[in-house]
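This one's a predicted model, so the numbers in the text were calculated from it and none came from an experiment. Below, all heavy atoms of this structure are taken into account, side chains as well, without hydrogens, waters or symmetry copies. We count ligands from 1, going down the list as the structure has it; atoms in each ligand are counted the same way.
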Amino acid sequence: MNFIAYKARKESIRFEKKGRPSDIKIGILMPMPYSAAVNSLFFQTAYEYINRLEGAVAYRYVYDIKNDVLEALDTEMNINNLDAIFISLSFELDYVIITRILDKLGLLHKYKGYRKPILIAGGIAVTSNPLPLSSIVDAVVIGEVDDVLKDLVYVMGEDKPLNYLDNFNFISTLPIRNKVRRHFIRDLNQALHSINQFFAIDEEPVYGYGMRIEVSRGCPYLCAFCMEGHVQYPFRYRGIEGLWKIIERGLENNVVKRVIFYSLSLFSVPFMDVLLKKLKENSIEASFPSLRVEYITKERLELIRELGQRILTLAPETLVKSMACSIGKCYDIEHLENVIRGCFQYKFERVKLYLITGFPKLDLNEEINEFKRFLTKLSWIRRLRFLRIVLNPLIPKPWTPYQFLPPVAILNLVENINKYYKVAREFNFVRIEPYNYEWAFAQAVVAQGNEKTSEFIIEWSRYGFSLKGFYRVFKSIDRESVKFIYTGWSEPPWCEAIDMGLPQNYFKMRYKYLIS
Ligand code: SF4
């Protein structure tokens, strides 16, 4: 079976652009299945934007993980005929998948060099730490590209595009040596937004049908464990008028009158209540991301339910008040209990809570006692598995105050997870969904990697995207190679490669405070 297959979908919208041979050909590659990839605003926006440019054509590629097949959505053309491939990587483990794809196509940078297609990776994970991609892709984008995407596309049409990439001072070619300053757009109203979003009529997207709306970027809270908040700093949001225009135009082509909000902190946007009421008046449904507990009022809860949301997702992260306040998630536990009661009254199907275990200096007994006390107070709930708890181990991420913790700390968290399970078993209205701590460990190894990690990733990817493969390579490497695993350096390697625009002292001081 061929690794790459042409698999066009029956889509809501498709750019049938008859390209000329001289057109610049850009591939947009998402290392995930189609139904997940359509949720990416970059995928949607880049496809629409590049196809509207004179003299350029965009072709999309997604990856069927289960069958290990790269699917071309728009063309049967040989992928080697592209001028460039833009790759979006939001999660660290995507590095392994993209490596497998490029390796199978014979396009890994370490073998291909700088011949076309030029491989350019970007996204939150890349902006945070591109070092593990050394020898995998040709160049990495640090930050946002809205205002330069056009120039970047045209540069790819040159015979030797690499000669021009130096003009983009937030793009690093390999080896990543010089410090690159993160680029971001200050006024979000000037940022690109897709209007004609595509999805397959007969293949429901992961978040369901509807118009994906980017309300804001960044987050005002900078929680101590949260990479997104730090890497997308500062908090910016679109104006209500601009947003409404996007919604109106986007819904003209959509099969359902439903918007799916993208925002790290939705109710930090000052006009959110007004916008929600306007949606309701216009009979438009809405889907919400996870929300901060303290923002939920009775009125908002009612409105969220009226807009068609059936599951309320909250992110308290810890039930221990002192810890919650230290990490940036201050809220009242009684308020959380009332919100859950409200969800029951307003007939939400269930409530989902995100919790993290493994904060240093937090006594496990205290954590478990709080959990038990919390569930005991909710014992009035009579619905089976009404409460879902997504339990994540603390994964130390670059550009967070916890970045100084080594990945190995995660391997000690089995006991924590087992204790949570034991308590939850006593209450039939709750179900625990833990994130596998070994995957979390693998994720941290990649997230906190350096240049040498890329060799490890290449080896791992050859065994497929599995923990078995991870451990197989992990156990086979010699002590010298193990040096790529972060052991808690005082000066993390990613800080040498990137200027995030945040003071280094902030991370050190806050870490010291958190472990004191
Ligand atoms: S509120 Fe959420 S998105 Fe914002 S910094 Fe905290 S965890 Fe991150």
Sum of protein N, O or S atoms, each under 2.8 Å from atom 6 (Fe) of ligand 1: 1
- prompt: In ligand 1, which numbered atoms sit nearer than 4.0 Å to a non-hydrogen atom of Phe225?
  reply: 7 (S)
task: Under the salt bridge (Lys or Arg N to Asp or Glu O under 4.0 Å) rule, collect the residues that match up with Asp146, sequence neighbours excluded.
output: Arg217
message: Using the side chain to side chain contact (heavy atoms under 4.5 Å, CB included) definition, which of the options Ser268, Ser263, Pro270 pairs with Tyr237?
response: Pro270
Which residues share a side-chain contact (heavy atoms from CB on, under 4.5 Å) with Asn412, sequence neighbours left out: none
task: Run the salt-bridge test on Lys372 and Glu426 with the 4.0 Å N-O cut-off and return the result as yes or no.
output: yes
- prompt: Does Glu415 come within less than 4.0 Å of Lys419, counting only side-chain N to carboxylate O?
  reply: yes
field: Sequence neighbours excluded, every pair satisfying salt bridge (charged side-chain N to carboxylate O under 4.0 Å, His left out) that has a member inside residues 386-397
entry: Glu92-Lys397, Arg388-Glu433
